[in-house]
Amino acid sequence: MIDPRILRQSAAEVARNLARRGFTFDADAYLALEDKRKTLQVETERLRGERNASAKQIGQAKARGEDVEPLLAAVEDLGDRLDGCEAELAELQQSLRDVELGLPNLLSDDVPDGSDESANTEVRRWGKPREFEFEVHDHIDLGQALGMLDFDAASRMSGARFSVMTGALARLHRALIQFMLDTHTAEHGYAETYVPYLVQSQALVGTGQLPKFEEDLFKTETERPYYLIPTAEVPVTNLAMDTIFEADELPLRYTAHTPCFRSEAGSHGQDTRGMIRQHQFEKVELVHFVKPADSIQALEELTGHAEVILRRLELPYRVVTLCAGDIGFGSTKTYDIEVWLPGQQKYREISSCSNYNDFQARRMKARVRDPETGKPVYLHTLNGSGVAAGRALIAILENHQQADGSIAVPEALKAYMGGLETIAA
RNA sequence: GGAGAGAUGGCUGAGUGGUCGAAAGCGCUCCCCUGCUAAGGGAGUAUACGUUAAUAGCGUAUCGAGGGUUCGAAUCCCUCUCUCUCCGCCA
């Protein structure tokens, strides 16, 4: 959520900033609504003050044994007037909140202009795409030839966008997750967490998936609905919900491995083949809670932590800054890490690292006590994949494939594979 | 799933219709006293919103959540949520 104070005081600038995303913020309509709210709130609080004062008087008069009838008569219609004002105010405040929850975050100034991914700017590259002296295959052909990747079985029980892995491939998937968790906890200072995979709506409002993007989520049909988490960002970031941290408790870094569930509504026809875009996938997530002044630096560090994983896995990648039209709803600045996929001859997203500044914190009331003033201020949240396990698996298959269709296990993973050097049929 | 108990400020814990945003204790902060240690005295110590130049005042709200009764609710009524205990079931 954008600071309502900023909305009020600088509505035109906010509208200009959000327009870079292609988002239209009707500043005049908002300010008109806000103006009404101000008038009504002042009036409502005045009436309440009046009521409180008279109730006190009546109490005191009664204690003295005086006749309270005249006092009661004087406030006869006060209750009705107050009820009317309160109802109207509640409605207005809900309308304002609806608008506020629907606004994306303000963009950082260094986010490049542009309407789609073609305008993302490359920050750096690591590794060189390998020259193959044989015909390269994509992960689907490779996995199926190994007899370890089965989309048919998956579709029979669950439909499209699911996969079944068996044998060494399933183990490689597990090994990747262990390797990533170990690296982040042992070397990058993250605390490992285990969190719920089903959450209620308020958690998703906190991180920004709701109310706007409900169609992207799976939802249970239980009496009280649960949502399946689309990313560990949701439960992990909500660890800070309704919390006031002391300044010396920050920064906090959390990591979690969870499955992620996405309806992929609106992505029909995209990446329908293979494991790139699934309803269910595994990811190791990185989350930071930092003091407001530290989030810009924290984004660089977090991105670096994800990059370490790809380097150790010997996977060529590049880092891009998402442009204004491609960046996510709640982010003020995002780096995507794109891994080279020989099967597609393209760099494809494998991690997305974002600074949300106070956008999520304000929604979930996550604060830190400012040591100067002693007052709580909204902390800053960041998150990034470190990295998506399914896509890392794809990248390993395609980048480390050998002429005979076997897969060379990267050095970093051998210990997690029981010493296995090669995955072969 | 069955039966019962409970939810109050950072913590413990009082408070069953009015002067209660809330006693007391602990903790914490500041000051005073005290030649180390220890003890004592005093003041302060929630959050949000509104108003405002203001992190100054002032106002409003908040005693699990929501609704109701009332001139007035932490206190009475209803619904819900959560926690704990016992029983049953269970990965």
Side-chain angles (χ1 to χ4, degrees), chain A residues 1-10 30-101 194 196-206 220 222-227 235 238-250 259 291-293 358 360-379:
Chain A
M1 213 159 91
I2 300 173
D3 187 347
R5 203 167 301 223
I6 292 176
L7 286 180
R8 252 175 268 156
Q9 290 170 356
S10 320
Y30 178 82
L31 288 177
L33 209 56
E34 173 49 32
D35 217 50
K36 269 194 219 166
R37 189 232 88 226
K38 184 192 278 200
T39 311
L40 200 56
Q41 181 163 346
V42 169
E43 175 63 8
T44 305
E45 292 187 354
R46 194 188 62 75
L47 287 174
R48 274 203 284 244
E50 208 178 298
R51 184 204 58 193
N52 290 349
S54 78
K56 201 172 215 173
Q57 272 192 330
I58 292 168
Q60 287 168 341
K62 247 182 163 170
R64 291 192 299 262
E66 295 170 11
D67 179 20
V68 296
E69 278 309 316
L71 288 169
L72 287 178
V75 294
E76 205 183 352
D77 66 330
L78 188 63
D80 287 340
R81 281 192 290 154
L82 183 56
D83 283 348
C85 276
E86 281 181 335
E88 206 182 325
L89 178 63
E91 200 178 311
L92 254 179
Q93 285 178 321
Q94 189 54 51
S95 308
L96 282 166
R97 186 165 171 82
D98 288 346
V99 173
E100 287 158 7
L101 285 177
Y194 173 80
Y197 303 157
L198 296 171
V199 296
Q200 292 184 13
S201 59
Q202 57 171 9
L204 290 149
V205 171
T220 67
T222 45
E223 196 180 344
R224 263 198 315 160
Y226 291 102
Y227 293 88
N238 273 291
L239 289 174
M241 186 199 290
D242 290 328
T243 304
I244 301 173
F245 294 97
E246 296 304 323
D248 61 8
E249 292 179 89
L250 301 188
K291 284 175 259 185
D358 62 0
Q360 294 178 321
R362 179 168 285 107
R363 287 170 166 243
M364 64 176 71
K365 297 188 173 60
R367 288 163 290 178
V368 57
R369 204 171 289 283
D370 185 323
E372 302 286 310
T373 64
K375 294 288 172 193
V377 295
Y378 290 110
L379 53 78

If you pin A/L72 and A/K56 to their nearest nucleotides in RNA chain B, which one's is more 5'? A/K56
RNA chain B: 5'-proximal contact among A/Q60 and A/R46 (nearest heavy atom): A/Q60
Taking only N and O in the side chain of A/N52, is any of them less than 4.0 Å away from OP1 or OP2 of B/G72? no
If you compare every side-chain N and O of A/R48 against the phosphate oxygens of B/G72 (OP1, OP2), does one of them come in below 4.0 Å? no
Over all heavy atoms of both residues, which pair between A/I244 and A/R369 is shortest? Give the atoms and the distance, please. CG2-NH2, 4.0 Å
Could you tabulate the donor-acceptor pairs under 3.5 Å formed by side-chain atoms of residues 49-60 of chain A, not counting sequence neighbours?
unit_1	atom_1	unit_2	atom_2	d
A/E50	OE1	A/R46	NH1	3.1
A/S54	OG	A/R51	O	3.1

Could you check how far [atom1] of [X] sits from [atom2] of [N], rounded to whole Å?
| X | N | atom1 | atom2 | answer |
| --- | --- | --- | --- | --- |
| A/D242 | B/U81 | CG | P | 19 Å |
| A/Q57 | B/U70 | CD | P | 21 Å |
| A/L71 | B/G18 | CG | C1' | 13 Å |
| A/D248 | B/C28 | CG | C1' | 14 Å |
| A/L82 | B/A73 | CG | P | 11 Å |
| A/Y194 | B/A91 | OH | P | 17 Å |
| A/D80 | B/C71 | CG | P | 10 Å |
| A/R51 | B/G18 | CZ | C1' | 13 Å |

Nearest-0.5 Å distance that lies between atom [atom1] in [X] and atom [atom2] in [Y]:
| X | Y | atom1 | atom2 | result |
| --- | --- | --- | --- | --- |
| A/D77 | A/D83 | CG | CG | 11.5 Å |
| A/L7 | A/M1 | CG | CE | 8.5 Å |
| A/E91 | A/E86 | CD | CD | 14.0 Å |
| A/Q200 | A/Y226 | CD | OH | 5.5 Å |

Once Watson-Crick and G-U wobble pairs under 3.5 Å are found, how is RNA chain B written in dot-bracket notation, 5' to 3', with | for any base paired to another strand? ((((((((.[[[..)..(.....]]]((((((.......))))))((((((.....)))))).[[[[[..)....]]]]])))))))....
Heteroatom pairs (N/O) under 3.5 angstrom, protein to nucleotides 77-80 of chain B:
none

What distance, rounded to whole Å, do you find between the two [atom1] atoms, one in [N] and one in [M]?
| N | M | atom1 | value |
| --- | --- | --- | --- |
| B/G72 | B/G18 | C1' | 6 Å |
| B/U70 | B/A56 | C1' | 37 Å |
| B/G6 | B/U12 | C1' | 16 Å |
| B/G68 | B/U75 | C1' | 15 Å |
| B/A46 | B/A53 | P | 26 Å |
| B/G15 | B/C87 | C1' | 35 Å |
| B/A43 | B/A24 | P | 11 Å |
| B/A3 | B/A91 | C1' | 26 Å |

Is there a donor on the side chain of A/K62 or the base of B/G18 sitting less than 3.5 Å from an acceptor on the other? yes
Do [X] and [Y] come close enough that some side-chain heavy atom pair is under 4.5 Å?
| X | Y | answer |
| --- | --- | --- |
| A/Y378 | A/P292 | no |
| A/M364 | A/T243 | no |
| A/L250 | A/L379 | yes |

Any chance you could lay out the side-chain contact (heavy atoms from CB on, under 4.5 Å) test for A/V199 and A/N238, step after step, and finish with the verdict? CA-CA 10 Å; A/V199 296; A/N238 273 291; over 6 Å; no
Sequence neighbours excluded, which residues qualify as side-chain hydrogen bond (donor to acceptor under 3.5 Å, both in side chains) partners of A/E249? none
Can you give the donor-acceptor pairs under 3.5 Å from side chains of residues 30-37 of chain A to other protein atoms, not counting sequence neighbours?
unit_1	atom_1	unit_2	atom_2	d
A/Y30	OH	A/E100	OE2	2.7
A/E34	OE1	A/R37	NH1	3.1
A/E34	OE2	A/R8	NE	3.1
A/E34	OE2	A/R37	NH1	2.0
A/R37	NE	A/Q41	OE1	3.2

I need a per-nucleotide contact map over nucleotides 45-51 of chain B, read 5' to 3'. Cutoff is protein heavy atoms under 4.0 Å; write B for the base, S for backbone only, - otherwise. --SSSSS
Run the side-chain contact (heavy atoms from CB on, under 4.5 Å) test on A/R363 and A/L101 for me, step by step, so that the C-alpha distance in whole Å, both residues' side-chain angles and the decisive distance to 0.1 Å come before the verdict. CA-CA 8 Å; A/R363 287 170 166 243; A/L101 285 177; 3.7 Å; yes
